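Since the structure comes first, as structure tokens, the remarks are kept for the end.
Because the structure is a prediction, the values reported are computed rather than measured.
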Amino acid sequence: MKKAIKWLLVFILIVIITAGAGAAYVYNGIQPVKASEEPVKITIEPGTGTTQIAAILKDEGLIKNNFMFVSYLKWKSEGSKFQAGVYEMTPGITFDEIISKLNSGDVVKAEMIRFTIPEGFTVTQMAEKLAEEGFVDKDKFLALAKAPSGIDSELLKEIPESAEFIYRLEGYLFPETYELKKGSNEQDIVNRMIAETANRLSGISDFNQKLEQSGLNLNELMTVASLVEREVVVYSERNVVAGVIYNRIAKNMKLEIDATVQYLLGKPKERLLNSDLRSVDSPYNSYLYNGLPPGPIAAPSLKSIEAALEPKSSDYLFYVTKKDGSGEHLFAHTYAEHLQNIKKSKATAK
């Protein structure tokens with residue numbers, strides 16, 4: 001009897017020791033690893049299971065025991081909402097802190113590039129600016145603007161493939177401030193910019209209906225908008241100038257817009273001479289050819305697009321810039337009145 005009691009006590013002691021050792025093992029296994037200030041990056045790919053995630057955490061020194069982590073997840077009913085991505089964790093964080101990060105998708109924000117394209121920029125100006133900032137190869141960017149191979153946009157269906165174009169995407173890369181992932185190439189940037197144009201156009205109330213009512217196709221509309229953009233500084237005058245352009249076209253008059261010549265010269269001149277106005281034989285030169293240029297001459301703002309879509313009705317056929325520094329124009333119905341406005345403008349020159 002005494003012997004049986006002795007063995008029973010030994011068995012109980014073994015159970016207690018085993019349970020204690022097991023508890024110690026479990027307790028130690030769920031404790032954080034030694035703390036460190038050096039963060040560790042881990043990547044969780046889409047579809048990665050909890051067992052694989054635990055192995056990644058163990059390999060990167062963020063947990064002591066991957067089996068314990070998986071068991072802890074089962075006990076807490078966690079793991080089904082973990083999100084893929086690149087995470088940054090500091091050794092020493094607890095299981096619960098790891099779980100919280102993975103559940104919330106607290107991923108490392110990708111390094112970004114940021115650039116601004118001003119309203120009225122040509123694709124050449126864009127290429128030069130982006131190249132100076134180190135974001136693109138100028139020649140590659142211009143090559144895409146001329147022949148947009150690999151560019152994914154529904155707008156391309158609306159832009160004719162014309163040998164007369166200097167750049168097919170001229171006017172379709174929206175002027176805006178952009179943020180893209182670091183390492184984005186020329187194609188990524190062009191895709192993002194043309195997508196922004198499509199987005200802005202779709203945001204105009206009843207855009208397709210208004211475009212149809214105007215009797216223009218998209219390329220013609222964007223061309224008018226680009227002319228307005230380069231000609232007008234004061235927003236309130238944009239609809240008026242758009243109306244003048246349509247009035248001159250309706251009367252089969254040459255547009256005689258200086259901005260079209262500036263576009264052909266490549267670099268803006270402060271003052272165009274009469275010799276400049278007819279120096280370049282191109283369908284873009286509105287001093288030599290009737291009607292609109294083959295395509296846009298710059299990137300129009302949303303205000304200019306809206307002005308081209310809804311011009312202000314008037315009988316004006318001429319306008320001249322005031323030389324008083326205001327950027328405003330004097331408008332005229334007749335050529336005689338226009339000549340008088342030119343005199344007025346010169347008289348106010350600063």
Where [X] and [Y] come nearest, the two heavy atoms and their spacing:
X	Y	result
A54	V70	CB-CG2, 3.6 Å
P300	M222	CG-CE, 3.9 Å
Y284	G295	CE2-O, 3.6 Å
S36	E38	OG-N, 3.1 Å
A298	G120	CB-O, 3.3 Å
L169	L144	CD1-O, 3.8 Å

Mark yes or no for whether [X], through its side chain, and [Y], through its backbone, hold a donor-acceptor pair below 3.5 Å.
X	Y	value
D152	N191	no
Q125	T122	yes
Y172	I159	no
S345	K323	yes
S226	I297	yes
N219	P294	yes
R168	S162	no
Q83	N103	yes
S214	L211	yes
E170	Y167	no

Side-chain heavy-atom pair [X], [Y] within 4.5 angstrom cut-off:
X	Y	answer
V40	P91	yes
I63	K58	yes
T223	L216	no
S100	E97	no
R200	I305	no
F115	I189	yes
I44	F82	no
L73	F95	no

[atom2] on [Y] to [atom1] on [X], rounded to 0.5 Å:
X	Y	atom1	atom2	answer
Q209	Q213	CD	CD	4.5 Å
D258	S286	CG	OG	7.5 Å
Y87	L57	OH	CG	10.5 Å
S184	K181	OG	NZ	8.5 Å
D96	K76	CG	NZ	4.5 Å
E176	M193	CD	CE	9.5 Å

Before giving the answer on side-chain contact (heavy atoms from CB on, under 4.5 Å), spell out for T197 and L173 the whole-Å C-alpha distance, their side-chain angles and the decisive distance to 0.1 Å. CA-CA 6 Å; T197 298; L173 305 181; 5.6 Å; no
Would a single hydrophobic cluster contain both [Y] and [X], if residues Ile, Leu, Val, Met, Phe, Trp and Tyr are joined by side-chain heavy-atom contacts under 4.5 Å?
X	Y	answer
Y287	V241	yes
L218	L302	yes
I53	I42	yes
L155	F165	yes
F318	I342	yes

Would you tell me whether [X] and [Y] have side-chain atoms, one donor and one acceptor, within less than 3.5 Å of each other?
X	Y	result
S301	E229	yes
N285	Y263	no
D106	S104	no

Residues E119, K303: salt bridge by 4.0 Å N-O rule: no
Do the side chains of E133 and K129 get close enough for a salt bridge, i.e. N-O under 4.0 angstrom? yes
Run the side-chain contact (heavy atoms from CB on, under 4.5 Å) check on I113 and Y178 step by step: do they pass? CA-CA 8 Å; I113 61 171; Y178 292 92; over 6 Å; no
Applying side-chain hydrogen bond (donor to acceptor under 3.5 Å, both in side chains) between T321 and each of H329, E328, E231, report the one that passes. H329
Mind running side-chain contact (heavy atoms from CB on, under 4.5 Å) on V107 and V86 for me, showing each step along the way? CA-CA 5 Å; V107 296; V86 177; 5.5 Å; no
Give the C-alpha distance, both sets of side-chain angles, the deciding distance and a yes or no for side-chain contact (heavy atoms from CB on, under 4.5 Å) between K343 and Q340. CA-CA 5 Å; K343 288 182 180 179; Q340 289 300 314; 4.1 Å; yes
Before you tell me yes or no, could you show the steps for R192 and E196 under salt bridge (charged side-chain N to carboxylate O under 4.0 Å, His left out), namely the whole-Å CA-CA distance, both residues' side-chain angles and the distance that decides it to 0.1 Å? CA-CA 6 Å; R192 176 68 184 84; E196 185 65 23; 3.1 Å; yes
A quick test of your reading: do over 12 heavy atoms of other residues, nucleotides or ligands sit less than 6.0 Å from [atom1] of [X]?
X	atom1	answer
E212	CD	no
K146	NZ	yes
K322	NZ	yes

Mind telling me whether Y319 and F331 have parallel, tilted or perpendicular rings, with 30° and 60° as the class edges? tilted
Name each donor-acceptor pair under 3.5 Å that joins a side chain in residues 243-256 to protein atoms two or more places apart or in another chain, with its distance.
from : atom 1 : to   : atom 2 : distance (Å)
Y246 : OH     : A308 : O      : 2.7
N247 : ND2    : G243 : O      : 3.4
N247 : ND2    : S314 : O      : 2.9
N247 : ND2    : Y316 : O      : 2.9
R248 : NE     : K254 : O      : 3.0
R248 : NH1    : L317 : O      : 2.7
R248 : NH2    : K254 : O      : 2.7
N252 : OD1    : N290 : ND2    : 3.0

